[in-house]
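Just so it is clear, the values below take in all heavy atoms, side chains as well, and ignore hydrogens, waters and symmetry mates.
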Amino acid sequence: MKKLNKNETELQCVYDGRNSFYGKAFTRNLDEKQQLISYETVVAEKCREVQDGQVIYTYTIKDEESRTTMRHIAEWLKQNGFQIKTYADTKKKYVKNVLNNDSFKHIIVFE
């Protein structure tokens, strides 16, 4: 298992039915950005910026085929407030849509 740096946190199973991801997924916090790492690869990023006084969170997600990594991404998105069931549901529900909130908005981009 990888030894985590102080700006890294293991992804916990909050919504996923598993007890653990066994150290295979973690987040890394870098200034205004949070990265999701699955199997030592950055698979998603959340970037925070302010435009005209509004906070905007942009989520960039790698288009992924690995079932386990898809579970990691889905768990991470749920922990960030997205109402989804699976990674595939994320692609159906949020691609090219902007989610608005009173104080911020979310944009999801698949690469």
Side-chain angles (χ1 to χ4, degrees):
M1 182 180 337
K2 176 190 181 335
K3 182 177 180 191
L4 300 178
N5 296 321
K6 60 183 172 180
N7 67 333
E8 298 174 336
T9 307
E10 185 175 347
L11 183 67
Q12 301 297 313
C13 293
V14 176
Y15 300 97
D16 193 276
R18 292 183 168 43
N19 291 329
S20 171
F21 289 126
Y22 305 101
K24 304 295 184 198
F26 60 95
T27 60
R28 178 182 298 137
N29 293 304
L30 306 165
D31 296 322
E32 299 293 322
K33 181 189 310 186
Q34 182 183 69
Q35 297 176 320
L36 173 65
I37 292 92
S38 175
Y39 293 100
E40 300 295 323
T41 302
V42 176
V43 295
E45 288 185 336
K46 175 174 99 172
C47 295
R48 179 187 183 276
E49 62 181 304
V50 178
Q51 290 181 2
D52 299 323
Q54 183 179 31
V55 177
I56 299 173
Y57 292 101
T58 303
Y59 292 77
T60 305
I61 301 169
K62 182 179 175 186
D63 199 6
E64 184 57 51
E65 298 298 324
S66 161
R67 292 175 62 88
T68 305
T69 297
M70 286 190 274
R71 290 178 78 108
H72 297 161
I73 293 169
E75 176 68 29
W76 181 72
L77 286 171
K78 289 176 190 177
Q79 289 183 24
N80 278 278
F82 289 89
Q83 303 296 313
I84 60 170
K85 293 180 183 173
T86 65
Y87 174 81
D89 186 39
T90 305
K91 290 181 80 170
K92 289 178 198 167
K93 191 171 185 179
Y94 293 113
V95 170
K96 297 182 181 172
N97 288 332
V98 176
L99 309 174
N100 290 303
N101 182 312
D102 290 339
S103 58
F104 59 88
K105 67 180 178 180
H106 292 98
I107 302 169
I108 291 188
V109 178
F110 285 88
E111 292 185 326

Interatomic distance, T41 atom OG1 to L36 atom CG [nearest 0.5 angstrom]: 10.5 Å
Does any non-hydrogen side-chain atom of T68 lie less than 4.5 Å from one of Y39? yes
For the atom pair CD (E32) and NZ (K46), what is the distance rounded to the nearest 0.5 Å? 10.5 Å
Within this structure, what is the CD-OG1 distance for the pair E49 and T58, rounded to the nearest 0.5 Å? 5.0 Å
Any side-chain heavy atom of H72 sitting closer than 4.5 Å to one from L11? yes
Check whether any side-chain N or O of Q79 sits under 3.5 Å from a backbone N or O of Q12 as a donor-acceptor pair, and report yes or no. yes
Heavy atoms only: give me the nearest V55-Y57 pair and the separation to one decimal. CG1-CE1, 3.7 Å
Going hydrophobic residue to hydrophobic residue with side-chain gaps under 4.5 angstrom, can you get from L4 over to V42? yes
Value for CG (N80) from CD (E75), rounded to nearest 0.5 Å, stands at 10.5 Å
Closest non-hydrogen atom pair, W76 against Q34: NE1-OE1, 2.9 Å
Nearest 0.5 Å, what's the CG-CD distance between N5 and E8? 4.0 Å
Is E10 reaching over with its side chain to a backbone N or O of G23, donor-acceptor style, under 3.5 angstrom? yes
Who pairs with F26 by ring-ring contact (aromatic ring centres under 6.0 Å, His included), at least two apart in sequence or on another chain? none
Has N7 got a side-chain atom pairing as donor or acceptor with N29's backbone, closer than 3.5 angstrom? yes
With a 4.5 Å heavy-atom cut-off, do I37 and R28 have their side chains touching? yes
For residues V43 and V14: do they belong to one hydrophobic cluster (side chain heavy atoms under 4.5 Å, members Ile, Leu, Val, Met, Phe, Trp, Tyr)? no
